[in-house]
Amino acid sequence: MRDPLTVLTDAFTSFLFGKVETTRLPVRTSTGQAQAVYLPTAAPGLGDSGVIIGREVYSGKGYIYDPFQLYGQQLPAPHWLVLGESGNGKSALEKTYVLRQLRFKDRQVVVLDAQGEDGVGEWNLIAQELGITPIRLDPTAALDMGIRLNPLDPAITTTGQLALLRTIIEVAMGHGLDERSGFALKVAHAYVNETIVDRQPVLTDIVEQLRHPEPESAEAMNVAIDDVRAWGLDVALVLDRLVDGDLRGMFDGPTTVGIDLDAPLIVFDLSHIDRNSIAMPILMAIVGVWLEHTWIRPDRKKRIFLVEEAWHIINSPFVAQLFQRLLKFGRRLGLSFVAVVHHLSDVVDGAAAKEAAAILKMASTRTIYAQKADEARATGRVIGLPRWAVEIIPTLTPGIAVWDVNGNVQVVKHLITDTERPLVFTDRAMTESASDLLADDALAAAEREAEERAAYMEQQMGDGPAGSSGSRSTVA
């Protein structure tokens, strides 16, 4: 029962100003008709300048990504981490991304190709198409005047040479150098650089000096010459492996003349090296530092350094420290570092957890392909993915990935053109993915399956974070 005074007041107000309230009759309609009234809302895109990757699964919009274009307000760092199980499209994404980047005249790419079959690396076909000869690091070929990279190349600063020598030794030994061994190495390196001026110093010179140190080095520290020799013995034995061991021929001579560092694409073929041996992180360190001092220049070019099997870097404290310094050049010299890793747990729980965390923090872009549920949850915790994204990662089909670009999270389907397909799906790609993926009918079936999966996820997530216009997540 309404208060009489309220009724009188409402009647007087209606008489003066007209009716202040309207009655809206209920509308009965179907969901198909209602969707035209309640439109879905899409998260903001990344702009329309750069390299097209594919399309957003839920909105159907084209997805364009370029770290050099986004750097600044939208992206604090140009580095990129790619994760996911084998066979879900990481390799295809890397290759098409590089091919599309090279359409820009001011782009240059270096790839460390650690995978391969039939005696060549996975990037061999793309290199041939572009008229590029891969730099194949092979101990057997190196003995027959193959490719050599000299850690003591004069193009590398004296400080860089010493840091590289320490890293090689520490990776091989599995622990850091103590002060005495470090002193013996520093003295031998300084003596070699001072006395050899008519040619490039090589590792053999360092090994020889460690075995037979000069009396002056002992006198400077007021110790016996035999002590200095003992301090450097373990160091000499490790370096001897590069001179006369299983890695001989690749690093124990002057740098091979004719390596074209101005080519748009430079491929280091590491496929002849055992990926599970200690040789791989040593190679990563040597190539990384050599490139730092010979390839990266302040010439306004935008450079991309793509590393497959990057856990060899992130999982080694000593190699990771070198690459941390390299990554810091990104903002100053226009370098984008792309690391491809299968399992994040392989590195965050390893011996280099601290260094791995630092490198992951530098990667403002993270692309995650399908993973098992446990792995997806662990990945989500480490890199801070929203819950809805973590939940759909195990359901993703090949070619679809969750993209997190500095907090802008989207589900993206990677698209490959007919021109790119024969270059992207190599024999190695067939090994990693379903063998029928190359057939035209199988490709069409995969497309249909992806469409159906997207529609299903759209229905399931209708009340999730994507339904809010204020969310930066993907659309519903």
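Looking at Q101, its side chain never comes within 3.5 Å of a backbone N or O of V109 through a donor-acceptor pair. A donor-acceptor contact shorter than 3.5 Å links the side chain of Q161 to the backbone of I156. Judged by distance alone, with hydrogens and angles left aside, the side-chain atoms of Q371 form no donor-acceptor pair with the main-chain N or O of T379 at under 3.5 Å. In this structure, the side chain of S181 does not engage the main chain of L177 through any donor-acceptor pair within 3.5 Å. Of the possible donor and acceptor atoms, one in the side chain of D269 sits under 3.5 Å from a partner among the backbone N and O of G121.
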- Does the pair H342 and E85 meet the rule for a side-chain hydrogen bond (donor to acceptor under 3.5 Å, both in side chains), with working shown? CA-CA 6 Å; H342 290 286; E85 301 279 355; over 6 Å; no
- Task: Check the pair E420, R100 against salt bridge (charged side-chain N to carboxylate O under 4.0 Å, His left out), reporting the backbone distance first and the verdict last.
- Result: CA-CA 10 Å; E420 293 168 331; R100 295 168 191 178; 2.8 Å; yes
- Task: Report the C-alpha distance between K186 and L162 in whole Å, list the side-chain angles of each, state the deciding distance to 0.1 Å, and finish with yes or no for side chain to side chain contact (heavy atoms under 4.5 Å, CB included).
- Result: CA-CA 7 Å; K186 182 179 72 173; L162 185 58; 4.1 Å; yes
- Task: Start with the C-alpha distance between T204 and D252, add both sets of side-chain angles, then the distance that settles side-chain hydrogen bond (donor to acceptor under 3.5 Å, both in side chains), and finish with yes or no.
- Result: CA-CA 7 Å; T204 305; D252 56 343; 5.3 Å; no
- Going through the checks in order, is the salt bridge (charged side-chain N to carboxylate O under 4.0 Å, His left out) test met by K301 and D106? CA-CA 5 Å; K301 278 194 175 183; D106 64 340; over 6 Å; no
- Task: Could you go through the salt bridge (charged side-chain N to carboxylate O under 4.0 Å, His left out) check for R166 and E170 one step at a time?
- Result: CA-CA 6 Å; R166 287 185 65 100; E170 289 171 338; 3.6 Å; yes
- Task: Any chance you could lay out the salt bridge (charged side-chain N to carboxylate O under 4.0 Å, His left out) test for R199 and D205, step after step, and finish with the verdict?
- Result: CA-CA 11 Å; R199 59 175 174 82; D205 301 320; 3.0 Å; yes
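Y71 pairs by the side chain to side chain donor-acceptor pair (under 3.5 Å) definition with nothing, not counting sequence neighbours.
Across L265 and V98, no two heavy atoms sit closer than the pair CD1-CG1, 4.2 Å. Smallest separation of non-hydrogen atoms from G160 and V289: O-CG1, 4.2 Å. Taking each heavy atom of N88 and A370 in turn, the nearest pair found is OD1-CB, 3.5 Å. Of all heavy-atom pairs between P201 and L152, the closest is O-CB, 3.4 Å. Contact between F251 and L203 at its shortest, heavy atoms only, is O-CD1, 3.6 Å. Shown here for L322 and A285, the closest heavy-atom pair between the two residues is CD1-CB, 4.1 Å.
Atom CZ of R300 has 12 or fewer neighbouring heavy atoms from other residues, nucleotides or ligands inside a 6.0 Å radius. More than 12 heavy atoms of other residues, nucleotides or ligands sit less than 6.0 Å from atom CD of Q324.
Taken from CG in L306 to CG in L112, the straight-line distance is 8.0 Å, to the nearest 0.5 Å. Put simply, CD1 on I383 and CG on L83 are 6.0 Å apart, with the number rounded to the nearest 0.5 Å. Between atom OG1 of residue T96 and atom CG of residue L415 there is a gap of 9.5 Å, rounded to the nearest 0.5 Å.
Inter-residue side-chain proximity for L99 and L423 is flagged as met; some heavy-atom pair is nearer than 4.5 Å. Between V202 and P254, some side-chain heavy-atom pair lies under the 4.5 Å cut-off. Using a 4.5 Å cut-off on side-chain heavy atoms (C-beta onward), V235 and V207 make no contact.
Between the side chains of E122 and S91, at least one donor-acceptor pair of N or O atoms lies under 3.5 Å.
Residue pairs meeting the ring-ring contact (aromatic ring centres under 6.0 Å, His included) criterion with at least one partner in residues 79-107, sequence neighbours excluded, are Y65-W80, W80-Y97, W80-W403.
A salt bridge is defined here as a Lys NZ or Arg NE, NH1 or NH2 lying under 4.0 Å from an Asp or Glu carboxylate O, and R136 with D113 fails to meet this definition. A salt bridge between K90 and E308 is absent, with no side-chain N of the basic residue lying under 4.0 Å from a carboxylate O of the acidic one.
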